[in-house]
Peer 1: 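Below you will find the structure I want to go over with you.
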Amino acid sequence: MDYSDYPVKGKYGRYGGSFVPETLVAALSELEMAYARLRGDKEFQQRLSVYLSTFAGRPTPLYYAENLSQKLGGARIYLKREDLAHGGAHKINNTLGQALLAKHMGKTRVIAETGAGQHGVAAAIACAALGLRCEVYMGTEDVERQKLNVFRMELLNATVHPVELGSKTLKDAINEALRDWTANVHTTYYLIGSVVGPHPYPMIVRDFQSVIGREIREQMTRQVGRLPDALVACVGGGSNAIGTFYPFLDDDVAMHGVEAAGAGLATAKHAASLCAGSEGVFHGMLTYLLQDTDGQVQATHSISAGLDYPGVGPEHAFLKHEKRVLFSAVTDTEALEAFLELSRTEGILPALESAHAVAHAVELAPTLDQDDVIVVTLSGRGDKDVDVVGRYVGANI
Amino acid sequence: MSAIAATFRELRRKNEGALIAYVMAGDPAPKHTVKIVDALVAGGADIVELGIPFSDPIADGPTLQRAAVRALEAGTTPRKVFDVARAVKSAHDVPLVVMTYYNIVHQMGVEAFCSAAEQSGVNGVIAPDLPVEEAALYKEAATRYGLDTIFLAAPSTSEARLEKLLNASSGFLYLVSANGVTGARETVQDESIAFIKQTASIIRGRAPLAVGFGLSQPSHVRQVIDNGANAAIVGSRFAEIVEQNLDDSDKMLKMLRQCAHALKRSTRLSGAMEVTD
């Protein structure tokens, strides 16, 4: 069986599944059936593709980062410019797809969770475009840290619900969205932001994000004349990474997933569930988790809010288990240095999430031949992170 | 026959429903839990459910979320909850069920969890986020250790699925009275009553039906028992009493006993049978 054939019965090998309270079982099976119908529906796919091109700005460019490549003196580095998609990140690929799905299912109310606010904003954008009511759960800790994104969501006509409970961050926002969905399952669509959660969510989000990898394939063929030798993407929940990898899973292409090592894997302050976690059941899936010996889910840390999540998509857990994707982790400092490097050499401010992938590519490129090609997915743009970077370099802004 | 089944049989003989009292173990600290259970049993609880706190309780409303936070902050671990269970069983002959999210079971290992439960005198296990499709190993191990496995059915559960849940369940079947999370509600909705009646007519006595989520008052208990439930599960109401009396444990225990007493009184059918069809 090929890697791209998964999930099988909702599982990626032993990972994934659907560990949810009974109330959600019927809703997930309704979602699975609706999606199975629309996945092969030409009209639906056509409609989505029009939104992706005329609204979201796809295809995003594949850019040869010549300055950086020559400086490093190894493989040629290409950047997949998801930072140029509407909203400034790859998140829009998923929110447009799912919002359209919600509409086809006759749901009028959409709920979403957000950490730093990127997915919340992307969900608000898609819902505004499609005329759906949008409510976003966000931990109070994050609301405080990301006031601008809260206001952005409100400008886009979304309602933001602060979540006071638990660690008051992304994981608690997901808990609260799941609770809301349990109570309002008939009217409400839960638009999850990454390849996490119970089946069929990891599959649906992967399918919508796979537009990234499909475009890379076409662009590589056209621009370089062959497939890339290696793909590099950052992994929090893992949606931009799986979107990049999935169309190449059955080809002879190396794949590198890069997690957030925060203050270092030897400390408790990181978010590297695959590199330093263990198997567990969380947010409806069997996957790798950062947890204590009793199974309590741990607080995480990363300088990039988008990677600050104690779990990871189950398909990544499977691809790690199969050794199909190599996972490593990059510290806060390494990511910040990569942010500065890409800004200076290429004129591109990467999101701090994406800077983790850049940092890994900077290590990888010199070890490969000059004929080799690495594609790095720049999942988002870094404008949102300039204050964090400013603090790092000691700038007074 | 399991202790839980025996309790239901005995209550049926007395023409009573069961009061199942849920307590978050370790809230506000592990040393309080045995006394809290004492008070609830003295008030009339027929079966006790001990919650093992989990960091991310997605089926719970704010009241039990806060209870879990207090318990975890007080250092409550699954092992400590089993110690509490052992202490409860040495003081009372009451059937004891543990309820926790599946990661707690998974992390300890299904075999070790069931073994620890059995050794501490626990009679049954509820894991609200473990779907029946994933439960084969758990069911097998629990059965081997003489533990009842209690599954939940919801208003959205199809009839075919209800049969599956019934087959996997022992002790009783847990009916989630309404869509949503745990937590005291003002009233029992008409849809909940319809769900209980309909389920009772499908199950036809093949398993005791215990209704939970949202029940907090004697009138709620009366309503669900009158409409075909064999037990009412109350949890958040007790957690509220604990929360409101954190600095006065005597008052807390007295109120818990009184609350359980009033709820238990409503499970006694006496003339109430006549109004059901």
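Order of the sequence lines sets the chain letters (A, B, ...), proteins ahead of strands, with each chain counted from 1.
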Peer 1: Determine the option with the most heavy-atom pairs under 4.5 angstrom with chain A, choosing from B:V69, B:V176, B:L72, B:V132.
Peer 2: B:L72

Peer 1: In terms of heavy-atom pairs under 4.5 Å, which option from B:D56, B:L130, B:T157, B:T77 contacts chain A the most?
Peer 2: B:D56

Peer 1: Here's a test for you: under side-chain hydrogen bond (donor to acceptor under 3.5 Å, both in side chains), which of A:N175, A:D172, A:D180 qualifies with A:Y137?
Peer 2: A:D180

Peer 1: Chain A heavy atoms under 4.5 Å from B:R161: which part of the residue, side chain, backbone, both or neither?
Peer 2: side chain

Peer 1: Does anything in residues 105-119 of chain B get under 4.5 Å of chain A by heavy atoms, and if so which residues?
Peer 2: B:H106, B:Q107

Peer 1: Identify which of A:L24, A:T293, A:D292, A:L178 forms the greatest number of heavy-atom pairs closer than 4.5 Å to chain B.
Peer 2: A:T293

Peer 1: Side chain from CB out, backbone as N, CA, C, O: work out which of these in A:I174 comes under 4.5 Å of a heavy atom of chain B, or both, or neither.
Peer 2: neither

Peer 1: Does the pair A:K11/B:E134 count as a salt bridge with the N-to-O cut at 4.0 Å?
Peer 2: yes

Peer 1: Classify the ring geometry of A:W181 against A:Y201: parallel below 30°, tilted from 30° to 60°, perpendicular beyond 60°.
Peer 2: perpendicular

Peer 1: Has B:S169 got a side-chain atom pairing as donor or acceptor with B:L165's backbone, closer than 3.5 angstrom?
Peer 2: yes

Peer 1: Which answer fits A:Q291, side chain, backbone, both or neither, if we ask what part of it has an atom under 4.5 Å from a heavy atom of chain B?
Peer 2: side chain

Peer 1: Side chain from CB out, backbone as N, CA, C, O: work out which of these in A:L286 comes under 4.5 Å of a heavy atom of chain B, or both, or neither.
Peer 2: side chain

Peer 1: Would the distance check show the side chain of B:N230 and the main-chain N or O of B:L209 forming a donor-acceptor pair, the cut-off being under 3.5 Å?
Peer 2: yes

Peer 1: For the pair B:S192 (side chain) and B:V188 (backbone), establish whether a donor and an acceptor sit closer than 3.5 Å, ignoring hydrogens and angles.
Peer 2: no

Peer 1: Side chain of A:H316, backbone of A:Y288: donor and acceptor closer than 3.5 Å?
Peer 2: no

Peer 1: With a 4.5 angstrom heavy-atom cut-off, could you sort out which part of A:V185 is near chain B: side chain, backbone, both or neither?
Peer 2: side chain

Peer 1: Go through A:G284, A:A27, A:G17, A:G280 and name the one with the most non-hydrogen pairs under 4.5 angstrom from chain B.
Peer 2: A:G280

Peer 1: Does a donor on one side chain sit under 3.5 Å from an acceptor on the other, for A:D142 and A:T169?
Peer 2: no

Peer 1: Does any backbone or side-chain atom of B:A68 lie under 4.5 Å from a heavy atom of chain A? Answer side chain, backbone, both or neither.
Peer 2: neither

Peer 1: Could you tell me which portion of A:S18 (side chain, backbone, both or neither) has an atom closer than 4.5 angstrom to a non-hydrogen atom of chain B?
Peer 2: backbone

Peer 1: Could you tell me whether B:E73 and B:R70 have a side-chain N and a carboxylate O separated by less than 4.0 Å?
Peer 2: no

Peer 1: Which heavy atom of B:H220 sits nearest a heavy atom of B:T187, and at what distance?
Peer 2: NE2-CA, 3.8 Å

Peer 1: Is A:R37 salt-bridged to A:E32, going by a charged N under 4.0 Å from an acidic O?
Peer 2: no

Peer 1: Contact part of A:E279 toward chain B, heavy-atom cut-off under 4.5 Å: side chain, backbone, both or neither?
Peer 2: both

Peer 1: So which of B:V181, B:L152, B:N179 has the largest heavy-atom pair count under 4.5 angstrom toward chain A?
Peer 2: B:N179

Peer 1: With only heavy atoms counted, which part of B:P57 is less than 4.5 Å from chain A, the side chain, the backbone, both or neither?
Peer 2: both

Peer 1: Take A:R109 and A:E135 through the side chain to side chain contact (heavy atoms under 4.5 Å, CB included) test and state the conclusion after the steps.
Peer 2: CA-CA 8 Å; A:R109 176 176 179 260; A:E135 297 177 33; 3.0 Å; yes

Peer 1: Measure A:F282 against the heavy atoms of chain B and call it side chain, backbone, both or neither at under 4.5 Å.
Peer 2: side chain

Peer 1: Between A:E144 and A:K168, does any NZ, NE, NH1 or NH2 come within less than 4.0 Å of an OD or OE carboxylate oxygen?
Peer 2: no

Peer 1: Heavy-atom distance under 4.5 Å to chain B: side chain of A:S167, backbone, both or neither?
Peer 2: neither

Peer 1: Is the side chain of A:S273 donor-acceptor paired with the backbone N or O of A:L289 at a distance under 3.5 Å, no angle test?
Peer 2: no

